[in-house]
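Notes for the one structure printed next.
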Amino acid sequence: METRMITAYLLAVVVLLSCNKAEAQVGRVGKCPDYQGLQDFSFERYANGTWYEVAKFFTVMETKCVAMEFVPHNGTILVVSTALEKMILPPPVQQAPPPPAQLRHSKHGGFPLMSHHDKKLVIEHLKAQRTRRNINQAEPIFTPVKVVGFVSEKVPPATLRFNYTEGTSMQEYRVLDTDYETYATIWSCTEMFNGVFHNQFVSILSRTRTVEPSLINELVAKLTAAGLETSHLVVSDQQRCDS
Ligand SMILES: *[C@@H]1O[C@H](CO)[C@@H](O)[C@H](O)[C@H]1NC(C)=O
Ligand SMILES: *[C@@H]1O[C@H](CO)[C@@H](O)[C@H](O)[C@H]1NC(C)=O
Ligand SMILES: *[C@@H]1O[C@H](CO)[C@@H](O)[C@H](O)[C@H]1NC(C)=O
């Protein structure tokens, strides 16, 4: 349960752009800057259907295939956030046996004369070591995670607030730019210690998993012109999301 909560929380940090924790994004001294949300913004057109994350500010959390889907439900709009989260491999269950005495005491690299039994011990030790190395070199394992919340407030012109039941408090972000049908650029900022520090997070969303690099370049240029620190943007991984 604890792990589940942490997972939900971490995913929400990345997907929903909360910056409550120091691990996130771009931290700076002082209060949050105030970037304007899109004027004449349509909540109905934006909070409809699926958005995929195609670029974001760097985070230490390793996620891929990040998506959020807005689903009308009984008078509210649910937001279903999904991602594949890189799994941290547990240490090998079986500890390698300690090196046999012959191996520990061998001063010259070569093995001294060994009994059949000792040879077996040495071989087992080397095998166990090799298995451990293979585990470390394995392809990273990604595990699906999903967090559901709902749009709890719409603050004009373009701020959305979300409530979650699992391990997270209210989150909010602002839509800086969108054409509703192709792309959206969203931004959030959280102050810590009464505005002594703040953390900003930017994410570029798309209606499709992949986009033309020229579109990303165009959006990044707009963000730079607006004064955001776009050097922190990294392209999001949306490859092999269905496996
Ligand atoms: C929501 O998306 C659907 C499917 O793309 C579309 O038909 C509908 O017009 C959209 N609604 C709004 C309010 O944009
Ligand atoms: C729908 O919302 C109403 C009022 O908010 C509530 O009483 C009802 O239980 C909800 N139904 C479902 C299926 O969630
Ligand atoms: C959303 O969460 C906040 C606290 O995080 C709470 O004050 C508010 O009442 C919640 N809104 C709804 C609609 O549940």
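Computed from a prediction, not measured in an experiment: that's the story for all the values here. In each ligand, atom 1 is the first atom listed, and ligand 1 is the first ligand listed.
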Inspect the surroundings of CD in E191 and state if more than 12 heavy atoms from other residues, nucleotides or ligands are less than 6.0 Å away. yes
Shortest protein heavy-atom distance from atom 5 (O) of ligand 2, along with the residue and atom involved: N74 ND2, 4.9 Å
Under 6.0 Å between ring centres, would you say that holds for W51 and F70? no
Give me the residue, atom name and distance of the protein heavy atom closest to atom 3 (C) of ligand 1. N48 ND2, 3.6 Å
Assess the pair Y173 and F162: is the distance between their ring centroids shorter than 6.0 Å? yes
Check for me whether K64 meets the cation-pi criterion with F142, that is, NZ or CZ under 6.0 Å from the six-membered ring centre and within 45 degrees of the ring axis. yes
Sub-4.0 Å protein heavy atom near atom 10 (C) of ligand 1: yes
Ligand-residue contact atoms, ligand 3 with F150, heavy atoms, under 4.0 Å: 12 (C), 13 (C), 14 (O)
Non-hydrogen protein atom less than 4.0 angstrom from atom 7 (O) of ligand 1: no
Would you mind checking which non-hydrogen protein atom is closest to atom 13 (C) of ligand 1, with the distance to 0.1 Å? E44 O, 3.8 Å
Could you tell me whether some N/O pair between N163 and ligand 3 is separated by less than 3.5 angstrom? yes
Just by distance, no angles: are the side chains of E53 and S236 close enough, under 3.5 Å, to form a donor-acceptor pair? yes
Consider every N or O of R45 and every N or O of ligand 1, then say whether any pair is closer than 3.5 Å. no
Does any N or O in the side chain of R207 come within less than 3.5 Å of the main-chain N or O of Y180, such that one atom is a donor and the other an acceptor? yes
